[in-house]
There are 2 protein chains.
Amino acid sequence: MIKVLLADDQALVRGAFAAMLGLEPDIEVVAEVSAGDEVVDAARRTSPDVALLDVQMPGKDGLSAAAELHAALPSCRVIVCTTFGRPGYLARAMAAGAAGFVVKDASPEQLVDAVRRVHAGLRVVDPTLAAESLAVGRSPLTDRERDVLALARDGGTVADLAKALHLSEGTVRNHLSAAIGKTGARTRAEAVRLAEDSGWL
Amino acid sequence: MIKVLLADDQALVRGAFAAMLGLEPDIEVVAEVSAGDEVVDAARRTSPDVALLDVQMPGKDGLSAAAELHAALPSCRVIVCTTFGRPGYLARAMAAGAAGFVVKDASPEQLVDAVRRVHAGLRVVDPTLAAESLAVGRSPLTDRERDVLALARDGGTVADLAKALHLSEGTVRNHLSAAIGKTGARTRAEAVRLAEDSGWL
DNA sequence: ACCCCGCCATGACAGATGTCATGACGGGGC
DNA sequence: GCCCCGTCATGACATCTGTCATGGCGGGGT
């Protein structure tokens, strides 16, 4: 019997996943949580064999939660599951010690297969995404550039960003210019989009 | 026996929904599709009692699909289901003849309840979202302003938008300026965000 | 010690952006 | 018929952005 922990902020898909996995004779869902910072607690209580974590969650990012869980309970294998197949997510998930990475486009069979494979000690990764991940590579952005770009996401002016980060406007523009250059974009907004799609934000 | 059609582009959640609904003794999933333009076809073949449509789908928007389905098979009740609780989506779904609107944050019980209620001829709407929808109101944007703003989403320059829409640059800037004013934003990017969050795009 | 790199800052410049006034055209609505 | 509104356009203007050169500061690496 493979004991599984589910973490997803959307109750509907969480429940649906539980129902689907519950249909398998060798899988049992032992815990369900809706926020990233509940993961480790729940895992300590129920000691699952496999944890299925969504990336998008309130409280704590699914990727940080994966790292935390891997550190706290190394025996619990982690699968990261996400709506968006962003190359950077895969890289970060693997760096966080995840054993598997599944996109929500995958078939139901692939998910239960992934659970079994991961439980058996194997790694499960979408090959297409792995190739993309290698092609895109690691983020070329420095920490500050990422900060600035992340804040620029919600459409503030340079002055807003400077105030929020306690920087001079000129510095902000320099960071933005560098980010634009590195992402190959021609606009701040485009740079945000590209960085986001690559999972660099 | 309530016959249900499922439409969602993410195979994993589609399968999970099917598994969950299949557990109910009075519900039967008779069709699953992954694109908006397959909905009517599948419905014609399987004549479901209730159709559960996701908003985000390739091919054809879940909202347009809802309108089409309602026109083609009025006897089939439609529930629109979405990740994002955008007020404008609710309004458009209702305008399209949908009988229910469910966000993916809802509990599994709420979904099966919604299916039964809708099948019984009732309307099902999240009250919180309904209030928000009334507060936000209909989109203040004209068709052209919406077009321009939608294109501006991926971060092109004014020149790019003008070329794509076969307009003069000045006209594009006028439309953008109007959209910025109407949304209460102070930047093009902010206007995009606000309009998107309201479901106006 | 030296150099490279990230970070912060300043100043200057060209080009893009947002605003405004103004005007033309066509389609409703009263 | 008249007026309002949406669409498209032009021109002008102030401001914001993106780029570049330049320089100071501090932390590693070799």
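Naming convention: chains lettered A, B, ... in sequence-line order (proteins, then strands); numbering from 1 in each chain.
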* Rounded interatomic separation in angstrom, taking CG from B:Asp160 and C1' from C:dT17 -> 14 Å
* Asked: The side chain of A:Ile180 lies closest to which of these nucleotides: D:dG18, C:dC8, C:dG18?
  -> D:dG18
* Any side-chain heavy atom of B:Leu53 within less than 4.5 Å of one from B:Ile79? -> no
* **Pairwise side-chain contact, B:Val80 with B:Val78, heavy-atom cut-off 4.5 Å (strictly under)** => yes
* Are OP1 or OP2 of D:dA9 and a side-chain N or O of B:Thr171 less than 4.0 angstrom apart? -> yes
* To do: Quick one: label A:Arg173 by what it contacts on the DNA or RNA (base, sugar-phosphate, nothing), any heavy atom closer than 4.0 Å.
  => base
* Asked: Is A:Arg144 salt-bridged to A:Asp147, going by a charged N under 4.0 Å from an acidic O?
  -> yes
* Asked: Do the side-chain N or O atoms of A:Thr187 get closer than 4.0 angstrom to the phosphate oxygens (OP1, OP2) of D:dT17?
  -> no
* Lys/Arg N to Asp/Glu carboxylate O, B:Asp26 vs B:Arg116, below 4.0 Å -> yes
* To do: To the nearest Å, give me how far apart NE2 (A:His166) and P (C:dC7) are.
  => 17 Å
* What integer distance in Å separates B:Arg146:CZ from D:dT7:C1'? -> 14 Å
* **d(CZ, B:Arg186; P, C:dG18) in whole Å** => 12 Å
* N or O in side chain of A:Ser177 less than 4.0 angstrom from D:dC20 OP1/OP2 -> no
* Asked: In terms of side-chain heavy atoms of B:Leu167, which of D:dA9, C:dG18, D:dT7 is nearest?
  -> D:dA9
* Asked: With a 3.5 Å cut-off and just heavy-atom distances, do the side chain of A:Asn174 and the base of C:dC8 make a donor-acceptor pair?
  -> no
* **Whole angstrom value for the distance that separates P of D:dC8 from CD of B:Glu145** => 10 Å
* **Distance, rounded to the nearest Å, where B:Glu190 contributes CD and D:dT17 contributes P** => 12 Å
* Asked: Taking OP1 and OP2 of C:dA16, is either one under 4.0 Å from a side-chain nitrogen or oxygen of B:Thr157?
  -> no
* Verify the contact: side-chain N or O of A:His175 to OP1 or OP2 of C:dC8, cut-off strictly under 4.0 Å; return yes or no. => yes
* Asked: Rounded to the Å, how far apart are B:Leu176 CG and D:dA9 P?
  -> 14 Å
* Mind checking A:Arg188 for me? I need base, sugar-phosphate or nothing, with any heavy atom below 4.0 Å counting as a touch. => sugar-phosphate
* **Axial cation check for B:Phe84 ring with B:Arg86, 6.0 Å and 45° limits** => yes
* Phosphate OP1/OP2 of D:dC8 contacted by B:Arg144 side-chain N/O (<4.0 Å) -> yes
* Asked: Hey, does the side chain of A:Thr142 come within less than 4.0 Å of C:dC7's phosphate (OP1/OP2), counting only N and O?
  -> yes
* Structure fact -> From CD of A:Glu169 across to P of D:dT17 the rounded distance in Å is 8 Å
